[in-house]
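What's counted below: heavy atoms across the whole structure, side chains too, no hydrogens, waters or symmetry copies. Throughout, protein chains are lettered first and strands after them, A, B, ... in sequence-line order, and every chain is numbered starting at 1.
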Number of protein chains: 2
Amino acid sequence: MSTIPEAQTEAVIKEKAKSLFFQKGFLNATTQEIADEAGVNRALIHYYFRSRDQLMDTLLEEAVNEKRERARAVLSSALPFREKISLFIDIVVEYGLKYPYLENFIITETARNPEKVKVLCQSKIKSSDLIRKDLEEEIAKGRLLPITAEHFVINLISLCNYPLLAKTVLQNMHGMSDTAYRKFLQDRKEIIYHAIFHEPLPRIARKEEHPHPKHAK
Amino acid sequence: MSTIPEAQTEAVIKEKAKSLFFQKGFLNATTQEIADEAGVNRALIHYYFRSRDQLMDTLLEEAVNEKRERARAVLSSALPFREKISLFIDIVVEYGLKYPYLENFIITETARNPEKVKVLCQSKIKSSDLIRKDLEEEIAKGRLLPITAEHFVINLISLCNYPLLAKTVLQNMHGMSDTAYRKFLQDRKEIIYHAIFHEPLPRIARKEEHPHPKHAK
DNA sequence: GTCTATAAACAGATAGAC
DNA sequence: GTCTATCTGTTTATAGAC
């Protein structure tokens, strides 16, 4: 279409489809809706991505890899354990604020087609492996009650991700506007740290205070 | 169909559709698949339920009400607070074992059609209201770190439900068979209590030890 | 109440013109 | 690269015979 600079069609489709799926929550958006959003003809989606499924796979893989890379960087850093976890929570919640429906999409797609999970979890460096050593040390020092690394990580991720997945239910149940809901998710950063460590989140050593919510590279 | 006793067609459709949706995880089962499962003609689904949507609404409402009723009974009982919570975890996890895809279904449907949530959450007695008094008492006595009733309940439900929603991802990531996954969910009962109260789950005062996993009325 | 046959709507994908 | 037109398959829903 003439309003689009040119030759960026593929990128535009990806960007707009990503927004439709992960930000606006149109998890079942049709190729027509994607095309409309991108301001291009429907056939172009097939020209560039062959099928709707391949487009989705591409988007999902990219988004998951980006998020995982960020989490991995923190967990494998040299920071003290509790700072790692605090930053991990920050990253996961901020990512959830930016792409509120990404987790929803993953859950929906893997439930519909369990084979797809293998693409997403390949070359897997499990978070639990990255913190196992730290965790065992903390437990040995008596700073944490005994727990396996797997359950620790699953607890952490559950506390971060469930409120995203249940967004509609929670918003309705507690009568939250969209902005109130965003605030609620922000507040949960401290709540989650608190639930994990049973002590307040230290006010020091926060990487940044997010003066602007911009977070994606 | 002649193999079915008779006049129970409506009940059979409901039962089989429930199994398809909530137990087997065919969240997008077509009317044809439902009819096949029930061993009836596809047109009968429309005869009894008018449309696929109405069938789904009926199923969802019944399942949610049943689960909520059970949870409510425990939380509004006269039991000590920690026993209530322990039983609550038990109910939610056991319900998850029985209907592994119910929560998935709720999340998917409310994301697709946010209006539907109003049907599910009507006449709402919030769990957080039922335990608020208990919780404040516990906090006043110094037996629990300060937390709002809302966040407390959301933490609790997150820890119970997320592993259900992420079943496919978790199974793949940790190489769990179906039976290993069931065991994993069972184990989480103690993990969750532990995460909430930071003390081991007492071995006494458990309602039953589930000699048979049968749990629905 | 239960079936067959069919309508009606839709979505994904492709061929072929420009 | 981008468009229009069309094909194919799928699914819900209903009309009407039995």
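A straight line from CD1 of Ile45(A) to C1' of dA13(C) spans 12 Å, rounded to a whole angstrom. Taking atom CD1 of Ile34(A) as the reference point, atom C1' of dG12(C) lies 11 Å away to the nearest angstrom. As a whole-Å value, the separation of Asn41(A) CG from dG12(C) P is 14 Å. In this structure, the CG atom of Asp57(A) is 15 Å from the C1' atom of dG12(C), given to the nearest Å.
Listed by first and then second residue, the salt bridge (charged side-chain N to carboxylate O under 4.0 Å, His left out) pairs involving residues 28-53 of chain B are Lys24(B)-Glu37(B) (not counting sequence neighbours). Pairs passing the salt bridge (charged side-chain N to carboxylate O under 4.0 Å, His left out) check and including a residue from residues 157-177 of chain B, sequence neighbours excluded, do not occur.
By the side-chain contact (heavy atoms from CB on, under 4.5 Å) test, Thr179(B) pairs with Ser177(B), sequence neighbours left out. In this view, Tyr181(B) satisfies the ring-ring contact (aromatic ring centres under 6.0 Å, His included) rule with no residue, not counting sequence neighbours.
A salt bridge links Lys183(A) to Asp187(A): one of the charged nitrogens lies within less than 4.0 Å of a carboxylate oxygen. Classification of Glu136(A) and Lys133(A) as a salt-bridged pair fails, no side-chain N sitting under 4.0 Å from a carboxylate O.
Nearest heavy-atom pair across Ile147(B) and Leu135(B) is O-CD2, 3.7 Å.
Annotation: proximity of residues 16-23 of chain A to DNA chain D (heavy atom, distance under 4.0 Å) is found for no residue.
Taking 4.0 angstrom as the limit, Thr9(B) places none of its side-chain polar atoms (N or O) nearer than this to OP1 or OP2 of dG1(C).
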Under 4.0 Å protein heavy-atom contact, by nucleotide of nucleotides 11-18 of chain D - B base, S sugar-phosphate only: SBBB----
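By the 30° and 60° cut-offs, the orientation of the rings of His151(A) relative to Phe184(B) is parallel.
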